[in-house]
Amino acid sequence: MSYKYRVETHSPGHRVLPRTGEMKAEVHAWLDDGLFEATDEALWQQAATAAAHPGVKAIHLMPDTHLGYGIPVGGVVVTDDVLIQAGSGYDISCGVIYLEVPGLHAADIADPEKRRRWVDAVELRVATGLGDHRPPRARDVAYREVQQIFRYGAQALGVPAELCERHYIEVDDAVFDERRVPRARDRAQPQLGSVGGGNHFIEMQVDRDSGAVWVMVHCGSRGFGWQTANHFFYAGAELRGLPKKRREESWLYRDEPLGRAYWAHHNAAANYAIANRHTIVDGVREATRAVFDAEVDVFYEISHNLVQEETLLLPDGSTERGFVHRKGATRAFPAGHPDLAETKWAATGHPCLVPGSMLAGAAILYPQPGAARSACSVNHGSGRLMARGQARRELAHIHDEIDHEMRTIRRALGGVTVEGIVGNTARTPLDECGHVYKDLDAVLAVLESEGIATVAHRLYPVANIKGV
DNA sequence: ATGTCC
């Protein structure tokens with residue numbers, strides 16, 4: 001019997017897969033009718049498998065969910081004393097940093113030629129794409145500084161804590177050993193301050209309502225995090241007696257030696273990713289000064305692939321501590337959450353930064369009291385509709401139309417008509433174009449209708465730099 | 001996501 005068939009509808013945007021077999025908890029899915037119908041049986045099977053890990057207390061699927069490895073993308077798994085490596089995945093602490101450009105308004109960026117110069121200026125200063133390529137003017141960071149970043153993240157760069165979800169995560173120095181994963185250590189120094197490939201990007205966006213100009217950066221822990229994750233997938237599979245092919249199903253007790261080692265190395269990779277995002281800001285700042293004579297200010301920085309130990313808000317109103325694995329999901333602490341006490345976000349909840357696509361743009365959300373229903377989590381994007389290979393094959397015949405749409409799309413942004421989205425590539429990458437993603441507004445509507453979060457700002461892209 | 005290969 002299929003899992004999808006068993007899913008019950010509790011409210012228009014809330015589905016529940018009841019506990020069966022080895023599942024330790026029921027699966028809560030935040031999907032409306034259309035998003036639910038589009039899910040595959042394989043997704044539900046994967047969610048049920050994830051719910052069968054030891055120590056699972058709760059599991060949620062965000063409205064952008066789709067099949068991942070081990071745990072669905074858009075999956076949130078809450079455990080007590082267990083760490084699941086697939087719960088943060090290969091790009092440990094992949095996430096977003098958002099910059100405001102208070103000196104600029106939509107009218108100042110309306111000229112596409114000027115946006116083209118900004119794209120070129122950013123590419124000159126920030127490395128993009130795979131590997132160790134560094135731009136000519138990359139900031140020179142001594143390896144000793146990188147070692148500080150492993151332990152103290154953005155704090156090592158002097159970034160104020162209030163600008164970050166976590167400006168660093170504590171690393172157990174008795175356990176963290178950078179020689180343990182030599183290929184990780186070797187990548188860390190040359191790749192600091194780089195964007196990487198895939199869906200990572202730097203993008204200029206404009207607020208639909210106010211015309212305010214923002215820059216969003218989406219990137220992660222690069223080779224350092226990938227090598228770290230890969231090492232602990234294999235080591236965990238060996239420990240649990242799983243064949244290598246099933247390494248993504250492995251898990252660790254937090255208090256066994258390999259669990260303690262994973263926790264230390266995972267957190268070092270998170271610190272690296274957080275510092276990486278803040279380092280990239282240096283190049284964006286220089287480029288924005290050079291082309292627009294304007295300053296950028298960091299608004300907030302947040303991960304969407306991360307395991308964090310945090311205070312859980314339980315349905316009966318009590319709290320306890322646990323590990324929250326967000327695999328393509330964004331933390332969403334509402335006003336009054338204990339872990340926001342004495343921060344600037346205590347009375348409002350912290351912002352959730354959600355990229356959509358290079359066509360549909362992005363949003364800033366604020367968690368509502370109903371966030372407690374979804375393990376204080378929201379989606380991390382709009383969700384992939386099509387695999388990369390499928391996109392390249394099936395959209396090739398409309399590539400010209402896709403490029404034309406990017407060049408000519410006209411939007412009223414803060415009362416100013418802005419035409420075209422300037423890119424850094426000759427052609428729009430088909431595996432990243434707007435058509436391979438679900439409708440961001442439909443995904444966000446589920447959060448609003450279920451009382452989980454509200455959309456405070458809706459932003460549209462005007463210039464995009466992809467890591468290709 | 002990833003020098004696309006434990």
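Proteins get letters first, then strands, A, B, ... in listed order; numbering begins at 1 in each. It should be emphasised that the depicted structure is a prediction, and the values quoted were computed from it without experimental measurement.
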* Hey, does G220(A) reach any base, or is it just sugar-phosphate, or nothing, if we go heavy atoms under 4.0 Å? -> nothing
* Length of the CZ-C1' vector between F233(A) and dC5(B), whole Å -> 17 Å
* **DNA chain B: 5'-proximal contact among G223(A) and N230(A) (nearest heavy atom)** => G223(A)
* Structure fact -> To the nearest angstrom, the OH-C1' distance between Y69(A) and dT4(B) comes to 13 Å
* Any stacking of Y90(A) on dT2(B), going by centres under 5.5 angstrom and planes within less than 30 degrees? -> no
* Find the distance L242(A):CG to dC6(B):C1' and express it as a whole number of Å. => 16 Å
* Spacing of K245(A) atom NZ relative to dC5(B) atom C1', expressed in whole Å -> 13 Å
* Is R247(A) touching bases, backbone alone, or none of the nucleic acid, heavy atoms closer than 4.0 Å? -> nothing
* In whole Å, what is the span from the OH atom of Y234(A) to the P atom of dT2(B)? -> 17 Å
* Which is true for N305(A) with a 4.0 Å heavy-atom rule: it touches a base, it touches only sugar-phosphate, or it touches nothing? -> nothing
Listed pairs under 3.5 Å, donor-acceptor, residues 69-82 of chain A side chains, sequence neighbours left out:
from, atom 1, to, atom 2, distance (Å)
Y69(A), OH, Y90(A), N, 3.1
T79(A), OG1, V82(A), O, 2.5

* Counting any heavy atom closer than 4.0 Å, what does G197(A) reach on the DNA or RNA strands: base, sugar-phosphate only, or nothing? -> sugar-phosphate
* Looking at F323(A), does the NZ or CZ of K57(A) lie under 6.0 angstrom from its six-membered ring centre and within 45 degrees of the ring axis? -> no
* Asked: How is H200(A) classified with respect to the nucleic acid when contacts are heavy atoms under 4.0 Å: base, sugar-phosphate, or nothing?
  -> sugar-phosphate
* Over how many whole Å does the gap from W226(A) atom CH2 to dT4(B) atom C1' extend? -> 8 Å
* To do: Compare all side-chain heavy atoms of S221(A) with those of D91(A) and state whether any distance is below 4.5 angstrom.
  => yes
* Asked: Whole-Å distance between dC5(B) C1' and Q227(A) CD?
  -> 11 Å
* Listed by chain and number, what are the side chain to side chain contact (heavy atoms under 4.5 Å, CB included) partners of P461(A), not counting sequence neighbours? -> E203(A), R411(A), I421(A)
* To do: Establish, from distance only, whether the side-chain atoms of W30(A) and H14(A) form a donor-acceptor pair under 3.5 Å.
  => no
* Asked: Taking atom P of dT4(B) as reference, at what distance in whole Å does atom CZ of R392(A) sit?
  -> 15 Å
